[in-house]
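Residues take their numbers from the sequence shown, with the count starting at 1. First listed ligand is number 1; within each ligand, the first listed atom is number 1.
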Amino acid sequence: MTRKTPLRSQAWFGGFDKDAFIHRSWMKNGGLPDDMFDGRPVIGICNTFSEFTPCNAHFRPLVEEVKKGVLDAGGFPLEFPVFSCGESNLRPTAMLFRNLASMDVEEAIRGNPMDGVVLMAGCDKTTPSLLMGAASCDLPTILLSGGAMLNGKFRGKDIGSGTDVWKFSEDVRAGVMSQADFMAAESAMSRSPGHCMTMGTASTMASMAESLGVTLPGNAAYPAVDARRARLARLTGRRAVAMVNEDLRLSKVLTRAAFANAIRMNGAIGGSTNAVVHLLAIAGRVGVDLTLDDWDAFGRDIPTIVNLMPSGKYLMEDLCYAGGIPAVMDAIRDLLDLGVLTVTGQTLGENIEGVENFDPDVILPRDKALVQNGGMAVLRGNLAPDGAIIKPSAASPELMQHRGRAVVFEDIDHYKARVDDPDLDIDASCIMVLKNCGPKGYPGMAEVGNMALPRKLLQQGVRDMVRISDARMSGTAFGTVVLHTAPEAAVGGPLALVQDGDFIELDVAGRRLHLDVSDEELARRRALWQPLKPAMEGGYQSLYVERVLQADKGADLDFLVGCRGHAVPRESH
Ligand code: FES
């Protein structure tokens, strides 16, 4: 095929001068023949493999399939490692490192001789960090997800990553599950390679990537151990080479219309609240004007038809057998822009032509949706001037309009020290308020917003209360939880001024979050407000705290926003 643009890699590997000698000669120490440098597309394979990231620890054989695909298509595959943000192990929170990883990805892509990129992602933050970094470079780029674990199986029932951890741990705290049973569930939950198999953040972000058009169709739902995942890896490698020949760069796929589609799909799948900050950040990198209010506008009135935990009852393996994301797209095709271009070189509409829903209990008919108004509700008011979000499909309908007395935790340590105090003055009608867990406050905006309820209320049978914070929550979590309150408490947002005994009004239908305290009293409190001392100082954390944007802007570092392209003005020698 005729190539549309000259190969970028030939600026390194082409020619006969000293520099070309250096670039080729050192590469040849791996036994490469001369013809690998003859002007074939070099495909960088950006691998987030790490044994500290168990969700991505199965990537070694998968990357070999990608390489085969690149070779099949006449390309030259070169794998490179990048920072791997593993959700289950990284402290204080993987989110603190999403932006750092994205910088690693961006600089590795720009600085090296590659013409196209395959991104290999899996665990929650690996997908957005790779897309953010790649979007700032804008080469032909395609993403391959690692796939979810098989369904958890425990005593005859399916159990889901995260979602059942939260349930079981509350059952133990409430005294209705034994410690021994809790321990037994551990191995039953994670019984194959892959990422969380609920519609948590990893599955959501894989679905968002597919909805944005940056993966091959079917990418999100094949289980990690399904042979079709390996097949998809090979096809992804082949497609990366073709994309270079077609000059199909990321910016041609990541358009505002593609983001609108993804936001609508997030409503349909009952996707994670974390997708909000991640899509805002990715859009910022590619130069698409996307705002928090777009989440409400595009996502409002989208029925949640994917019956997966935490909103519903099934798991990703079931979604795969039902037809996966293409079948979900087909079910809401009238709500999507089917004309957008995708990495297949075809439109979204062409990609989903002829797909079927094989299980209407997993992908529900629209008139049987879990909720008719899925998506994210963006709340505003004097408690969240720059917005806060709630996921209605995961909340209790009876709490969606609620006025309650605030019980305030100044930070996560205060919460942990106080929540199970038998003398804590709290009942089921109260609103739990957690401060200083936002981007700057924690730092890194940890997933602590779905704070566990006080033990004494759990023992009374209470299973949900209104909770408000500047934190995030796990995509696997559920409850009437208001998140991402902006500005956060650590920068003096109104959340910082809430005191025990204040009354707060939540009105999800009216999109309102109101602190029922007079302006005069708030001004008095503001004059006395003092920021907390940072929990961590020095190193990357200090840079992060100094430069991180608020949640409504995607919590990127301010100097990373934007597309800087892939040109490098200087040679290395
Ligand atoms: Fe990695 Fe859930 S912990 S996907």
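- With hydrogens and angles ignored, the 3.5 Å screen pairs a side-chain donor or acceptor of Lys391 with a backbone N or O of Gly271.
- With sequence neighbours excluded, no residue forms a side-chain hydrogen bond (donor to acceptor under 3.5 Å, both in side chains) with Arg264.
- For Lys67, the NZ atom sits in a packed shell: over 12 heavy atoms of surrounding residues, nucleotides or ligands are nearer than 6.0 Å.
- Near ligand 1, Cys55, Glu87, Cys123, Asp124, His195, Cys196, Ala202 each place a heavy atom less than 4.0 angstrom from the ligand.
- Every residue meeting the salt bridge (charged side-chain N to carboxylate O under 4.0 Å, His left out) condition with Arg155, not counting sequence neighbours, appears here in chain and number order: Asp181.
- Cation-pi geometry between Lys435 and Tyr415 is not met: the NZ or CZ atom fails to fall both under 6.0 Å from the ring centre and inside 45° of the normal.
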Show me the donor-acceptor pairs within less than 3.5 Å that the side chains of residues 213-221 make with the rest of the protein, sequence neighbours left out.
| residue | atom | partner | partner atom | Å |
| --- | --- | --- | --- | --- |
| Asn219 | OD1 | Ser145 | N | 2.9 |
| Asn219 | OD1 | Arg229 | NH1 | 3.3 |
| Asn219 | ND2 | Ser145 | OG | 2.8 |

